Amino acid sequence: MKNFRSLEPIKSYVIKIKKISKNLKLEFTKLLIIAHLKPIFVKINLFLPKMRTMESGKVDITSDIEAISKAPAFTFILFYLAGILTGSRFFIQSTILVKIIVPLVVLVFLIISIGFKRRSMITEFLLPVLLYLSMFTAGWINIEYSNLLNNSAKFSKVANIQVLNAQCKITGKILEKERSYQTEARLIDYNEKIILYIDKNVDRKSFDIGDTLECIIRPNRINNYLNSTFDYARYMEKQGFFTTSYVKASQVAVRKASKLSLKEKIIKIRENYIDYLLKNKHYVHEKAVLIALTIGDKSFIDGNTKKAFSNSGTMHLMAVSGLHVSFIYSLLSSILGFMGMSRFAKIIRFIIVSLTVWTYTALVGFTPSIMRAALMATIYELSSIIEREGSSLNTLSVSALIITIAQPESLFELGFQLSFASLLAIIFIHPIIVKLNPSQNIIVKYLWNTISMSLACQIGTSIITIYNFRFVPTYFLITNLIAIPISGLILYLAAMHLFALWVGLFHEQIMNIIIHLTRILIYTVNRIESLPLAIIDCRVNNGQAVILSALLFISVLGIPKDKYMRRLSIKALIITFIISLLK
């Protein structure tokens, strides 16, 4: 018995050795998988991860930029977007592009199936190059098949017709103007969009979204406004609108819709919400701002208020985007926190969050900025179910890919550009600024985080805003420090107001609080906008915008790696920019 007991320590050591060997086998398997995947990303791209073994024995993926190391899709998406950008400038027949991409894809699959197990020049260099070229060509093909190249007034089927008997289906909201009702419509026989101005002598209750107007129209080309630097005609072309027409009351007959499409039903729900808010003529100014903050419809706001929000650097609050989705996501996460972290609870939470976020996305009109945020929220919840660590950059890349596959022309929309640029700034620039203040005080930490977030977004989007709007808001840090928390409260209370309306309790009291908060927000924005030097005029051309973008890219990402080459590149770009200013 004594001898048997003396073997107990040996048995325990044997069990430990088995566990260690099992772990080593698992780690060795991981290393083999990584060794097979590594040639796709390494050697050809300085952004992608390097491999190293930690002291703990765990295999980790690291790089000069931690965010990029966790997002191998980022570089591939960049090549795909570059293909869309190139295809929009240079037209090549899609059949030629297909003939290019098919051999590329075949070569990729051959290399993976035949030569992938052996490390060679083919797998180390040729395979990544082929993958990048495939993504680039795919983007080019996608833009060739889109409507972007056809969205020009010269392709209009009705612009040169003087008088036309037309059937126009109302597809958009109906706005009341001084002398007419403005609405978006589709010419059924020509499958072309048009802006209609309907005579006010026509009974407003007689027509609605989804109805068809049988009318006589006189198409007029859309032109830019006098003394305006904004290219309104080109902006409308990108939306697919080339012409407008006034419709007289004596020359129109309404045919009511028998059935509404899902899109038309969603638009009607949104319009009913707006009608409910504006049916009472009190606090119309505040309610117009509330409509812009909640569903992104700025058509009810007067020009002075728009200018105040723009000049104070808070116009992004009215462009429904990631900020709004983050408020909704945080609210839902807090409410559903009691469910725990079981797999079943995660699935239920995923369904509730996804349905809520995508319903809100539909109500505000599926704009690229809100779709990006909704996709990211959905992917994050999905990664929680499958127990995978989420990467902001990877999620952002996948969101961009999904949006541009469905609508490649989204890449050229200002909302898409600002939304993705601001999030890239949060991923790369925000951590750098946050580290400048090591204070652990809760209040100081919150204030500094808000300031650094606003500053990072402003830096990231500065080139886009300067190029399009030709000015820089000076006091954006102060305004956002006050405006963002107030906007968050307004959005939360707006959600509570909808619930109170459904229940039938306290909805008037909640609306009064919302009105007062909105009034404080408007007052703050107006006061800051009226300060001296609230904006600085600044203009850049295409070449200068490219130089500044390259300078920001090199400075933030630290590319190239060699410090001497990086400094030389920065100096060269600065000198080039100064020379461009002297011309």
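Everything numeric in this text was worked out from a predicted model, so none of it was measured.
In terms of heavy atoms, Ile217 sits closest to Ala166 at CD1-CB, 4.0 Å. Nearest heavy-atom pair across Leu418 and Thr465 is CD2-CG2, 3.8 Å. In this structure, Pro219 and Ile161 approach most closely via the heavy-atom pair CD-O, 3.3 Å.
Residues that satisfy the salt bridge (Lys or Arg N to Asp or Glu O under 4.0 Å) test with Lys263, not counting sequence neighbours, are absent from this structure. The salt bridge (Lys or Arg N to Asp or Glu O under 4.0 Å) search around Lys200 returns Glu176, not counting sequence neighbours. For Phe499, the ring pair (Phe, Tyr, Trp, His ring centres under 6.0 Å) criterion is met by Trp502, not counting sequence neighbours. Taking Phe420 as the reference, Phe416 meet the ring pair (Phe, Tyr, Trp, His ring centres under 6.0 Å) condition, with sequence neighbours excluded. Not counting sequence neighbours, the partners of Lys169 by the salt bridge (Lys or Arg N to Asp or Glu O under 4.0 Å) test are Glu264. In this view, Arg519 and Glu286 satisfy the salt bridge (Lys or Arg N to Asp or Glu O under 4.0 Å) rule, not counting sequence neighbours. Residues forming a side chain to side chain contact (heavy atoms under 4.5 Å, CB included) with Gln544 (at least two apart in sequence, or on another chain): Val540, Asn541, Phe577, Ser580, Leu581. Residues that satisfy the side chain to side chain contact (heavy atoms under 4.5 Å, CB included) test with Asp189, not counting sequence neighbours, are Gln167.
Counting heavy atoms from C-beta outward, Thr314 and Phe476 have side chains that stay 4.5 Å or more apart. Using a 4.5 Å heavy-atom threshold, the side chains of Ser134 and Phe79 count as separate. Looking at Arg270 and Lys265, their side chains never come closer than 4.5 Å, going by heavy atoms from C-beta outward. Counting heavy atoms from C-beta on, the side chains of Tyr132 and Thr75 come closer than 4.5 Å. Using a 4.5 Å heavy-atom cutoff, the side chains of Leu401 and Tyr80 are in contact. No side-chain heavy atom of Thr244 sits less than 4.5 Å from a side-chain heavy atom of Leu196.
With hydrogens and angles disregarded, a donor-acceptor distance shorter than 3.5 Å links the side chain of Thr137 to the backbone of Leu133. When atom types are taken as modelled, the side chain of Asn142 and the backbone of Pro408 share no donor-acceptor pair closer than 3.5 angstrom. A donor-acceptor pair under 3.5 Å links the side-chain atoms of Asn512 to the main chain of Glu508, judged by distance alone. Judged by distance alone, with hydrogens and angles left aside, the side-chain atoms of Lys287 form a donor-acceptor pair with the main-chain N or O of Leu277 at under 3.5 Å. Panel note: side chain Asp199, backbone Val202; no donor-acceptor pair is recorded below 3.5 Å. Judged purely by atom type and a 3.5 angstrom limit, Asn201 has no side-chain atom pairing as donor or acceptor with the backbone of Ala249.
Each of Leu317, Ile515, Ile522 was checked for a side-chain contact (heavy atoms from CB on, under 4.5 Å) with Val289, and the lone residue meeting it is Ile522.
Side-chain contact check for Asn394 and Ser397: no donor-acceptor pair (N or O, by modelled atom type) lies under 3.5 Å. Side-chain contact, Asn220 with Tyr246: no donor N or O sits under 3.5 Å from an acceptor N or O. For the residue pair Glu192/Ser156, the side-chain donor-acceptor check at 3.5 Å is satisfied.
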Would you be so kind as to tabulate the donor-acceptor pairs closer than 3.5 Å made by side chains of residues 361-379, with sequence neighbours excluded?
{"from": "Thr361", "atom 1": "OG1", "to": "Val357", "atom 2": "O", "distance (Å)": "2.8"}
{"from": "Ser369", "atom 1": "OG", "to": "Val320", "atom 2": "O", "distance (Å)": "3.0"}
{"from": "Arg372", "atom 1": "NE", "to": "Ser419", "atom 2": "OG", "distance (Å)": "2.9"}
{"from": "Arg372", "atom 1": "NH2", "to": "Ser419", "atom 2": "OG", "distance (Å)": "2.8"}
{"from": "Thr378", "atom 1": "OG1", "to": "Trp358", "atom 2": "NE1", "distance (Å)": "2.9"}
{"from": "Thr378", "atom 1": "OG1", "to": "Ala374", "atom 2": "O", "distance (Å)": "2.8"}

Would you list the atom pairs, donor with acceptor, under 3.5 Å between side chains in residues 206-216 and any protein atom, with sequence neighbours excluded?
{"from": "Ser206", "atom 1": "OG", "to": "Asp203", "atom 2": "O", "distance (Å)": "2.5"}
{"from": "Asp208", "atom 1": "OD2", "to": "Lys268", "atom 2": "NZ", "distance (Å)": "3.3"}
{"from": "Asp211", "atom 1": "OD1", "to": "Ala257", "atom 2": "N", "distance (Å)": "3.0"}
{"from": "Asp211", "atom 1": "OD2", "to": "Asp208", "atom 2": "N", "distance (Å)": "2.8"}
{"from": "Asp211", "atom 1": "OD2", "to": "Lys256", "atom 2": "NZ", "distance (Å)": "2.7"}
{"from": "Glu214", "atom 1": "OE2", "to": "Arg255", "atom 2": "NH1", "distance (Å)": "2.4"}

Side-chain donor-acceptor pairs of residues 177-186 under 3.5 Å, sequence neighbours excluded:
{"from": "Thr183", "atom 1": "OG1", "to": "Gly172", "atom 2": "O", "distance (Å)": "3.4"}
{"from": "Thr183", "atom 1": "OG1", "to": "Lys173", "atom 2": "O", "distance (Å)": "3.3"}

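The ring-ring contact (aromatic ring centres under 6.0 Å, His included) analysis of residues 294-330, with sequence neighbours excluded, yields the pairs Phe327-Tyr492.
Geometrically, Lys157 does not engage Tyr190 in a cation-pi contact defined by less than 6.0 Å to the ring centre and at most 45° from the axis.
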Take Phe412 and Ser88 through the side-chain contact (heavy atoms from CB on, under 4.5 Å) test and state the conclusion after the steps. CA-CA 10 Å; Phe412 306 97; Ser88 68; 3.3 Å; yes
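By the neighbour-count criterion of 12 heavy atoms within 6.0 Å, atom CZ of Phe506 is sparsely surrounded, having that number or fewer from other residues, nucleotides or ligands.
If you take CD on Glu413 and CD1 on Ile403, they are separated by 10.0 Å, rounding to the nearest 0.5 Å.
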